Amino acid sequence: MNHYETVFILTPVLSDAQMKEAVEKFKTVLTDNGAAIVNEENWGLRKLAYPIEKKTTGFYTLVEFDAEPTIVTKLETAFRRDEKVIRFLTIRNDKFAAEYAAKRRSLKKAAKEAVKEEAPAEEAQVETNA
Amino acid sequence: MAQAQSEIRYLTPLSVDNKKKKYCRFKRSGIKYIDYKDPEFLKKFLNEQGKILPRRLTGTSLKFQRRVARAVKRARHIALLPFVTDLMK
């Protein structure tokens, strides 16, 4: 088992639902082949540094997973077959990268929880004001 | 007379190249992995045209220069950094 992470860019012409559907599709490709998805990040619509296929923006998605090496080729064939994907990059995380990824995940989680805690607090304040 | 005195003369010539010693920021701050997903950080190692700066300018050690180069190339592939550009900063 190795740690992997993959970033792929979907075309900006998709609707939000279509985009999520495509992401789900690739996640099922992974899980069907016995990979364990560790983390998934949606970076949303971002501007590309240079045009790809005459498009200047794209939906970025990051998926971290633990899997056997054979799965990577299967995933990449799925990417190549799908016209919605305009660019992808799959990388094996070595021990330093895995450490960094774990730290990044925990930071993201902490940030999310902080936001969640803030939101109810604000609501409470609004209620008291009302 | 007064003018001649005001002219500053040094016994030993001033060393012009009295610069700070360069160091590898990764070794000093203990960074082990360079993330390709962080283009803002990687921009520190690029010039205005988006080229990777040489080690002799940034002071990065060989080990980390290789890792910087790899991270930059990955970032370029997924369009987080441009291959060529003008006035990036």
Side-chain angles (χ1 to χ4, degrees), chain A residues 2-12 26 38-64 72 75-76 79-80 84-108 111, chain B residues 20-89:
Chain A
N2 285 321
H3 302 293
Y4 291 99
E5 64 178 54
T6 180
V7 178
F8 56 93
I9 310 172
L10 295 167
T11 54
F26 294 117
V38 181
N39 186 27
E40 188 210 337
E41 270 176 44
N42 185 5
W43 300 353
L45 192 68
R46 278 178 73 124
K47 209 169 170 296
L48 305 177
Y50 51 89
I52 302 174
E53 294 175 15
K54 294 180 184 166
K55 291 170 185 89
T56 52
T57 52
F59 292 105
Y60 279 74
T61 313
L62 167 76
V63 181
E64 287 171 57
V72 176
L75 180 68
E76 295 201 333
F79 279 144
R80 285 199 188 90
K84 295 194 279 290
V85 180
I86 55 176
R87 199 52 73 88
F88 60 89
L89 175 71
T90 311
I91 277 173
R92 180 170 55 84
N93 281 349
D94 58 11
K95 59 178 180 183
F96 300 126
E99 228 171 73
Y100 176 88
K103 205 172 145 194
R104 183 188 155 93
R105 277 202 297 277
S106 60
L107 278 177
K108 278 262 151 77
Chain B
K20 271 189 271 176
K21 194 168 186 316
K22 283 176 185 153
Y23 60 89
C24 177
R25 66 168 86 207
F26 300 104
K27 278 191 171 168
R28 188 163 288 193
S29 55
I31 298 170
K32 286 178 187 152
Y33 175 68
I34 301 163
D35 189 14
Y36 64 94
K37 299 187 287 296
D38 186 359
E40 290 310 310
F41 176 73
L42 293 175
K43 274 182 188 175
K44 289 177 189 159
F45 301 95
L46 303 176
N47 69 5
E48 272 105 82
Q49 286 100 44
K51 293 179 175 183
I52 302 170
L53 287 171
R55 231 149 58 80
R56 66 166 187 275
L57 296 184
T58 56
T60 316
S61 68
L62 177 56
K63 183 174 171 183
F64 285 103
Q65 179 72 12
R66 284 194 298 255
R67 295 183 186 178
V68 166
R70 196 168 57 189
V72 169
K73 286 168 186 174
R74 283 173 177 177
R76 281 175 183 165
H77 179 72
I78 53 168
L80 293 177
L81 286 177
F83 281 95
V84 280
T85 183
D86 281 323
L87 300 167
M88 191 160 68
K89 281 159 195 170

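What you are looking at is a predicted structure, and each value in this text was computed from that prediction instead of being measured. Lettering follows sequence order; numbering is per chain, from 1.
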Can you tell me which of A:Leu89, A:Leu48, A:Ile86 forms the most heavy-atom pairs within a distance under 4.5 Å of chain B? A:Leu89
Relative to chain B, which segment of A:Phe8 carries a heavy atom at a distance below 4.5 Å: side chain, backbone, both, or neither? neither
Taking all non-hydrogen atoms of both residues into account, name the closest pair between A:Ala49 and B:Pro82 and its distance. CB-N, 3.5 Å
Once rounded to the nearest 0.5 Å, what's the spacing between atom OH of B:Tyr33 and atom CG of A:Asn93? 5.5 Å
Just how far is it from atom NZ of B:Lys32 to atom NZ of A:Lys95, taken to the nearest 0.5 Å? 8.0 Å
Of all the heavy-atom pairs spanning B:Lys37 and A:Glu5, show the shortest one and how long it is. NZ-OE2, 2.7 Å
So for A:Ile52, is it side chain, backbone, both, or neither that comes closer than 4.5 Å to the heavy atoms of chain B? side chain
Surrounding NZ of B:Lys27 (heavy atoms of other residues, nucleotides or ligands, distance under 6.0 Å), is the total greater than 12? no
Nearest heavy atoms of B:Leu80 and A:Tyr60, plus distance in Å: CD2-CE2, 3.8 Å
When you measure from the side chain of B:His77 to the backbone of A:Phe88, do you find a donor-acceptor pair of N or O atoms at a distance under 3.5 Å? yes
By a 4.5 Å heavy-atom criterion (distance strictly below it), what part of B:Tyr36 contacts chain A: side chain, backbone, both, or neither? side chain
Relative to chain A, which segment of B:Arg74 carries a heavy atom at a distance below 4.5 Å: side chain, backbone, both, or neither? both
Heaviest contributor of heavy-atom pairs below 4.5 Å to chain A, chosen from B:Asp35, B:Ile34, B:Ile31, B:Leu81, is B:Asp35
Flag the pair A:Tyr50 / B:Thr85 as yes when at least one side-chain heavy-atom distance between them is below 4.5 Å, and no otherwise. no
